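The structure under discussion appears below in the form of structure tokens.
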Number of protein chains: 2
Amino acid sequence: MSDARPPGNGRVTIKEVAERAGVSRSTSSRALAGTGYVAEPVRQRVRRAAEELGYVVDATARSLKQRSSRIIGVLVSDLRNAFYADLAYGAGRRAREAGFTMMLVDDGGRADEELEAAHAFVASRVAGVIVTPVSDGAAEFLRRQHMPLVEVDRVFGNGDAVVIDNRHAARTTTEHLLSLGHRRIALVIDETDWTTGRERRQGYEDALVAAGLELDPELVVSAGWNADATEQVARSLLAGPDRPSAVFAANNLLAEGVWRGAMDLSLRLPDDLSLVAFDDAPWMSMVTPGITAVTQDATRLGAEAVGRLLDRIADPTSPARVITIPAGFQRRQSTSRPAS
Amino acid sequence: MSDARPPGNGRVTIKEVAERAGVSRSTSSRALAGTGYVAEPVRQRVRRAAEELGYVVDATARSLKQRSSRIIGVLVSDLRNAFYADLAYGAGRRAREAGFTMMLVDDGGRADEELEAAHAFVASRVAGVIVTPVSDGAAEFLRRQHMPLVEVDRVFGNGDAVVIDNRHAARTTTEHLLSLGHRRIALVIDETDWTTGRERRQGYEDALVAAGLELDPELVVSAGWNADATEQVARSLLAGPDRPSAVFAANNLLAEGVWRGAMDLSLRLPDDLSLVAFDDAPWMSMVTPGITAVTQDATRLGAEAVGRLLDRIADPTSPARVITIPAGFQRRQSTSRPAS
DNA sequence: TTCCGATGTGGTATCGATGCCACATCGGCA
DNA sequence: TGCCGATGTGGCATCGATACCACATCGGAA
């Protein structure tokens, strides 16, 4: 308990613990790390000595010797977005359960910062990395460095990944609108270069095609990265007389933008417009009417990714796996049959 | 660029870089780290050799030798709460600007996990720690280990800290309600053992006392940790005939609970009840009517904390400082003069 | 010409933990 | 008595980067 700072520097080392416990350094190491044989009374003595001296193992020294740390790198696009925050939460919790700590970096959706973060992870000799990729640069770099890697939510490479069943969820959601009687259904989406967007768009098209409808390119609108920009896009989409009777927003930020745009135009949900969002957010259950949404368990996504990563670390040669997690569906009041 | 794995293990070391560049290890180290003299052409050559070999410095070895890493530990209570996520975002960004990486742990508001995380930080020899403390255990432990430390949002010790001006903000907020004509103003609060809650309560009382009102203990209601529990508490608070005409909810979760409780009872804002929240959240600007709120710049809070921490690391002996950040106020439609 | 300062060399120590090895004890069992 | 297995010792090497030292070089200034 007392803070002892015997030699030059300051921190207690295992050598002092060993001396205090009256054993050798080897034995202390075994007793503390729990590897190899140690008689119970000796283990007790060592542990007590460590406690009394306030000894804390030097993970940098241990990592150097063992050539890997007990740290997992997590790389997300935007912590301020609840989706990523939840994902990081799930990843961190699962990692801690397994005795790992999380090193978290927010790359702001920028490829250069993503690569820089990957570099930092390798430098820190993390045991593995979870990433919601924005380009293939980081993943490629990490693979070249033989770093265990799991992509989450989106996938660029052909390694391990954990994703939502985007296509299927988008299809059934679109079918929900169709079954209500909608025929002009707009899709507001950000980025179709990514698997996430591509799959969601594909699910949307699957449903329309299956219903025998023509695909109208004008109804697929791409919007930017924040709610403000989307609000503008939504206003022009919804302003005309031939506006769609329903909008499917492909993520929570887009949904917010569309919702605000609709408010600006004094459109009433669901009478004037049906709205459904991919990815639930707290506000969707609080506004009136509540917004129907596809729910993604981001926390689980993060946890599963870490789980897969731990398996990968344990067995570096097993074949790559893509884990698909089903999405949920939360029907609320923002969707109903079209007015006319 | 090509991945070279010459010797036994796998990773490229500085020795190989030195050989390829045709210089000594000392010189390579200086060239790459940018410390000490190196002639420009030599630096170029070394950098190029490192690039070609895909060399990445081993931070564990460097940290061991230098007895400190370029990592900052950040310890928050709940990443799923936007306040902490924003705070972590700000901290991470500021840290990265300074060339540090963030090691993030969510302790779930539990003292035991907090202590465990502090232990992990010390083990990793992080350069310093930011914490939103839930007990004094972790902070005390870190101080005993001579770990640079900054407390954020709440403060337990008497070291460095960065906090919101809670008392003043709570006072002016309460005065806002008083000036509208409210006399029975309830305060729904979680925890008054913490400085945050204590200060907010004090600000609330300051305003009432200054207005010459009696303090009614029945109007100060303590609620739990999540919105669901708060909802129940709010319902019993708001059910009676002598219910308060205004509620001041001391954080965003409490506000959500009170809001839901009011909805359950079909109370209309602001006619039947005025509601104001400490800590703005996205939904507050989206519901109708919008919720008046004290705004805290959590991102700035995190950034300032890291800034203070870096100063502390640079100068371990300077006196402790508490940095107070002003809160903002966002008037919306949930507050108006009482009905009768 | 001489000397200086800037630059670079190689070798060695260091950081703290761990792993390994040859060797020492010791109690108990055949 | 002899030998085994369990346990522990103490010394030394290792992980990779960095710090430091005594020396070497070399171009240019005095």
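Lettering follows sequence order; numbering is per chain, from 1. Note that the coordinates shown come from a computational prediction; the quantities given were computed from them, not determined experimentally.
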message: Using five pairs at each end of the helix from C:dT1-D:dA30 to C:dA30-D:dT1 to define an axis, what is the angle between those two axes, to 10°?
response: 50°

- prompt: What pair of heavy atoms forms the shortest contact from A:Ala320 to A:Gly159, and how long is it?
  reply: CB-C, 3.6 Å

message: If I take atom CZ in residue B:Arg43 and atom P in nucleotide C:dA6, what distance separates them, rounded to the nearest angstrom?
response: 16 Å

statement: Across all chains, not counting sequence neighbours, the side-chain contact (heavy atoms from CB on, under 4.5 Å) partners of B:Arg154 are B:Ser77, B:Tyr84, B:Thr132, B:Pro133, B:Val134, B:Trp194, B:Thr195, B:Thr196

- prompt: Could you give all pairs that pass the salt bridge (charged side-chain N to carboxylate O under 4.0 Å, His left out) test and reach residues 117-130 of chain B, with sequence neighbours left out?
  reply: A:Asp58-B:Arg125

- request: Return each pair, listed once, that meets salt bridge (charged side-chain N to carboxylate O under 4.0 Å, His left out) where at least one residue sits in residues 88-102 of chain B; pairs must be two or more places apart or across chains.
  value: A:Glu113-B:Arg96

- request: Check the distance between D:dT7's P and A:Arg45's CZ and give it to me in whole angstrom.
  value: 14 Å

- request: With sequence neighbours excluded, tell me which residues meet side-chain contact (heavy atoms from CB on, under 4.5 Å) with A:Ala82.
  value: none

- request: Write down the distance between CG (B:Leu64) and C1' (C:dT14), rounded to a whole number of angstrom.
  value: 9 Å

- line: Residue set satisfying ring-ring contact (aromatic ring centres under 6.0 Å, His included) with A:Phe141, at least two apart, ordered chain then number -> A:His119

task: Under the side-chain contact (heavy atoms from CB on, under 4.5 Å) rule, collect the residues that match up with B:Thr101, sequence neighbours excluded.
output: A:Met103, A:Val105, A:Ala120

- request: Figure out the CD/P separation between A:Glu19 and C:dA17, and round it to whole Å.
  value: 12 Å

query: What is the per-nucleotide protein-contact pattern of nucleotides 17-27 of chain D, from the 5' end, where B denotes a base atom under 4.0 Å from a protein heavy atom, S denotes such proximity for sugar-phosphate atoms only, and - denotes neither?
result: BBSB-------

Side-chain polar contacts of residues 301-311 of chain A - donor-acceptor pairs under 3.5 angstrom, sequence neighbours left out - could you list them?
{"unit_1": "A:Glu304", "atom_1": "OE2", "unit_2": "A:Arg300", "atom_2": "NE", "d": "3.1"}
{"unit_1": "A:Glu304", "atom_1": "OE2", "unit_2": "A:Arg300", "atom_2": "NH2", "d": "3.4"}
{"unit_1": "A:Arg308", "atom_1": "NE", "unit_2": "A:Asp160", "atom_2": "OD1", "d": "3.2"}
{"unit_1": "A:Arg308", "atom_1": "NH2", "unit_2": "A:Asp160", "atom_2": "OD1", "d": "3.1"}

Presence of A:Thr27 side-chain N/O under 4.0 Å of D:dT9 phosphate oxygens OP1/OP2: yes

